[in-house]
Number of protein chains: 2
Amino acid sequence: MITIKDVARMSGVSISTVSRVINDSKPVSPEVRKKVLEVIEETGYRPNEVARSLVTRRSYLIGVIVNDLSNSYIAEMVKGIEEVGRMYNYDILLCGSYYDREAQMNHLSLLNRKQAEGIILIGYHFDDDLIEAVKKNTKHSMYFTRDIKNDTIDYISINSFLASAEMTKYLIGEGHTKIAFLSDFGESSTHELDKINGYKEMLKENNIDFSKVYVAEGRRYNDGYAMATEVIKDLGNITAVFCANDELAIGLINHLFDEGYKVPDDISVVGYGDYKESQHVRPTLTTISEPFYDVGAVTVRTLIKKIEGDKNAVSKIELPYSFMERNSVKTLN
Amino acid sequence: MITIKDVARMSGVSISTVSRVINDSKPVSPEVRKKVLEVIEETGYRPNEVARSLVTRRSYLIGVIVNDLSNSYIAEMVKGIEEVGRMYNYDILLCGSYYDREAQMNHLSLLNRKQAEGIILIGYHFDDDLIEAVKKNTKHSMYFTRDIKNDTIDYISINSFLASAEMTKYLIGEGHTKIAFLSDFGESSTHELDKINGYKEMLKENNIDFSKVYVAEGRRYNDGYAMATEVIKDLGNITAVFCANDELAIGLINHLFDEGYKVPDDISVVGYGDYKESQHVRPTLTTISEPFYDVGAVTVRTLIKKIEGDKNAVSKIELPYSFMERNSVKTLN
DNA sequence: GGTTTTTATGATAACGATAAAAGATGTTGC
DNA sequence: GCAACATCTTTTATCGTTATCATAAAAACC
């Protein structure tokens with residue numbers, strides 16, 4: 001390993017001078033600069049960032065704790081984080097925690113020891129003590145999405161209450177009055193609760209008495225697939241199912257298909273999130289588009305602003321959603 | 001920030017003693033140990049890994065350079081890398097390069113400066129000079145998958161020639177003789193070339209004269225979608241299309257569907273890779289299962305072995321594939 | 001032309017930890 | 001009782017940088 005010392009020796013100057021050339025921090029005479037750069041070029045010298053970090057007290061490291069990278073929307077967010085983070089010269093240390101609290105705690109501690117300058121938590125169900133630990137140990141942090149009990153933390157999200165209400169309104173507009181909602185974890189997070197509330201509120205506003213909330217075991221494809229048996233039982237009573245996320249919806253639609261029912265002819269199904277997959281299934285899925293890439297991008301940008309001392313960095317942001325009409329809803333009127 | 005110095009002062013011992021307690025590296029008397037641990041507990045002291053790295057010359061950092069994280073199979077591999085890497089106490093620094101050579105070079109340089117102990121490249125089309133740069137600057141590296149011109153580098157892959165031949169054999173067994181192959185980048189990488197060769201070889205073995213290779217613009221959904229127009233033109237002449245990857249296949253199937261053609265009734269389509277999506281579409285896709293999670297896991301495990309000095313670490317591994325029969329092929333005999 | 005100011009460079013002390021050598025204390029053996 | 005040894009602890013050097021301070025040389029001033 002070649003160090004700054006070697007470069008100094010080989011160019012016949014002191015290490016301070018080499019450091020100056022590298023960082024452009026103080027004036028250096030043209031001849032000396034040229035010589036030093038030549039030696040650097042020749043030797044392929046690269047400054048050791050570990051040593052640099054130690055003395056500058058900057059790591060340019062952002063830790064991302066994420067439950068499951070195999071979720072397509074999470075991958076999309078991470079992509080946004082990585083890409084924008086890198087634009088600002090920050091590196092992304094990825095930590096997969098797979099819904100395990102102990103793993104999350106370990107990652108937090110690790111990121112701390114590694115001198116990470118900020119932490120992004122992606123997921124829904126963070127325990128209070130995890131959040132306390134983050135607040136206590138980390139200078140800067142951001143969350144996606146906000147959690148039910150902690151409104152003091154900084155987050156980027158979208159207004160799921162409004163989005164959900166708009167989707168419900170659309171279904172009503174298409175002539176549906178018997179609309180069920182398929183929730184993932186029920187009312188355990190603000191985000192999910194908002195969706196249910198938006199749905200119920202819009203029904204109320206339209207003087208529709210009927211409402212029904214299914215609660216799936218989880219939020220993945222299989223959980224939606226499993227719920228189809230319930231939905232099939234109720235086929236006479238409902239004409240549409242509003243699913244809390246696209247994966248649930250696709251699982252549901254597929255199981256209905258496998259049992260011989262057609263969407264949207266036999267029943268309409270809509271999703272939420274606009275995961276990449278929702279354009280790749282047939283029928284294409286009518287859904288709410290959450291801009292996951294942008295969420296990641298804005299999250300990391302805000303975090304970097306905070307790291308760099310911007311006191312005015314707005315840190316509770318709701319990004320706009322959009323409504324994506326596709327082919328999974330039947331018009332009844 | 002509380003340092004080892006503070007802990008030493010507060011426990012009334014030298015910093016070396018504190019270091020020993022932390023690392024269990026040399027004997028420390030029970031009373032002293034207890035006292036030090038108390039102080040650590042009280043103060044919430046966490047050793048600074050940056051400083052530690054500098055002196056131990058270990059970073060426990062593995063860099064992953066990946067073209068596009070929004071590919072579901074890549075996300076799955078990264079998951080395997082992250083999870084197994086962490087098992088062995090290594091951290092994963094994620095670098096997205098989006099098919100940009102300059103970005104790849106920058107990442108390489110960055111990982112070097114950060115003292116990464118190993119690098120994993122995930123993708124297909126790495127330039128020779130990138131690979132040269134990796135070989136020159138990095139002690140240890142692994143690739144997925146192997147590249148056409150560089151057989152000196154270490155990789156984990158699957159035997160795509162055999163896999164492709166097996167799939168072709170299956171189609172022939174189902175009575176197909178007019179089988180087309182939809183390639184992604186043509187013959188630009190060993191991996192892709194092997195597939196084409198496996199397909200052609202099996203046709204030859206069965207004395208089938210007909211062969212036809214479409215070359216798509218890229219390897220994503222849209223590229224498959226676009227190719228449907230070509231396929232439709234040939235509908236009288238071919239009965240099956242073997243796609244180089246699942247995303248291409250799904251795009252193709254969907255466009256066929258959108259134009260009123262049914263798979264597998266009007267034409268059979270098979271894929272390659274067993275991406276998560278292939279179970280979530282209807283019809284479900286018959287395909288070759290590449291164990292992406294395992295590929296990631298084995299890749300990182302092998303890399304760690306090399307880092308830790310295991311001279312015998314086998315570094316050109318082909319993992320077993322498996323054949324997944326689903327519902328996208330029509331039996332003709 | 002001597003003093004002051006500017007500009008370029010070098011020497012040295014950090015940063016927060018580990019590791020090797022040296023020192024202090026206590027224990028054992030004969 | 002003193003040498004020899006084991007056990008624990010401190011001292012000191014080091015990792016590869018940057019930052020501060022000091023110094024030498026050159027430029028500017030009147």
**Prompt:** End-to-end bend of the helix from C:dG1-D:dC30 to C:dC30-D:dG1 (five-pair axes, 10° rounding)?
**Reply:** 50°
**Item:** Euclidean distance, atom CD of residue A:Glu49 to atom P of D:dG16 [Å, nearest integer]
**Value:** 14 Å
Is there any protein nitrogen or oxygen under 3.5 Å from a nitrogen or oxygen in nucleotides 8-11 of chain D, and what are the pairs?
residue	atom	partner	partner atom	Å
D:dT9	OP1	B:Ser29	OG	3.1
D:dT9	OP2	B:Ser29	N	3.2
D:dT10	OP2	B:Ser14	N	2.8
D:dT10	OP2	B:Ser14	OG	3.0
D:dT10	OP2	B:Thr17	OG1	2.9
D:dT10	O4	B:Arg20	NH2	2.6
D:dT11	O4	B:Ser16	OG	2.7

**Prompt:** If we ignore angles and hydrogens, is there a donor and acceptor under 3.5 Å between the side chains of A:Ser14 and A:Thr17?
**Reply:** yes
**Fill in**
Across all chains, not counting sequence neighbours, the side chain to side chain donor-acceptor pair (under 3.5 Å) partners of B:Lys276 are none
**Prompt:** To the nearest 0.5 Å, how far apart are CD1 in B:Ile156 and OG1 in B:Thr302?
**Reply:** 4.0 Å
**Message:** With a 4.0 Å limit, can you tell me whether A:Arg52 has a side-chain N or O closer than that to the phosphate oxygens OP1/OP2 of D:dT18?
**Reply:** yes
**Item:** Rounded distance in Å - NZ (A:Lys5) to C1' (D:dC15)
**Value:** 10 Å
**Euclidean distance, atom CZ of residue A:Arg58 to atom P of D:dA19 [Å, nearest integer]** = 12 Å
**Request:** Only counting residues at least two apart or in another chain, list the ones meeting side chain to side chain donor-acceptor pair (under 3.5 Å) with B:Arg33.
**Result:** B:Asp24
**ring-ring contact (aromatic ring centres under 6.0 Å, His included) partners of residues 6-38 of chain B, not counting sequence neighbours, each pair once** = none
**Fill in**
The side chain to side chain donor-acceptor pair (under 3.5 Å) partners of B:Arg9 (sequence neighbours excluded) come to B:Asp6
**Asked** Do any pairs count as a salt bridge (Lys or Arg N to Asp or Glu O under 4.0 Å) and have a residue in residues 62-73 of chain B, sequence neighbours left out, and if so which ones?
**Response** A:Lys79-B:Asp68, B:Asp68-B:Arg220
**Separation of atom CD1 in B:Ile4 from atom C1' in D:dC15, rounded to whole Å** = 15 Å
**Item:** Pairs touching residues 4-26 of chain A that satisfy ring-ring contact (aromatic ring centres under 6.0 Å, His included), sequence neighbours left out
**Value:** none
**Fill in**
Taken in chain and number order and not counting sequence neighbours, the residues that satisfy side chain to side chain donor-acceptor pair (under 3.5 Å) with A:Glu76 are none
**Asked** Roughly, in whole Å, what's the span from CZ in A:Arg57 to C1' in D:dG16?
**Response** 16 Å
**Item:** Nucleotide D:dG16, atom P - distance to CG of A:Asn23 in whole Å
**Value:** 17 Å
**Message:** Quick check for you: name the first and last nucleotides of DNA chain C, 5' to 3', having an atom under 4.0 Å from a heavy atom of chain B.
**Reply:** C:dG16 to C:dA21
**Item:** Closest-nucleotide ordering on DNA chain D, the 5'-leading residue of A:Ile22 and B:Leu54
**Value:** B:Leu54
**Message:** Checking B:Ser53 now: which residues fulfil side chain to side chain contact (heavy atoms under 4.5 Å, CB included) with it, not counting sequence neighbours?
**Reply:** A:Val50, B:Ser59
**Fill in**
So the ring-ring contact (aromatic ring centres under 6.0 Å, His included) pairs with at least one residue in residues 19-60 of chain B (sequence neighbours excluded) are B:Tyr60-B:Tyr90
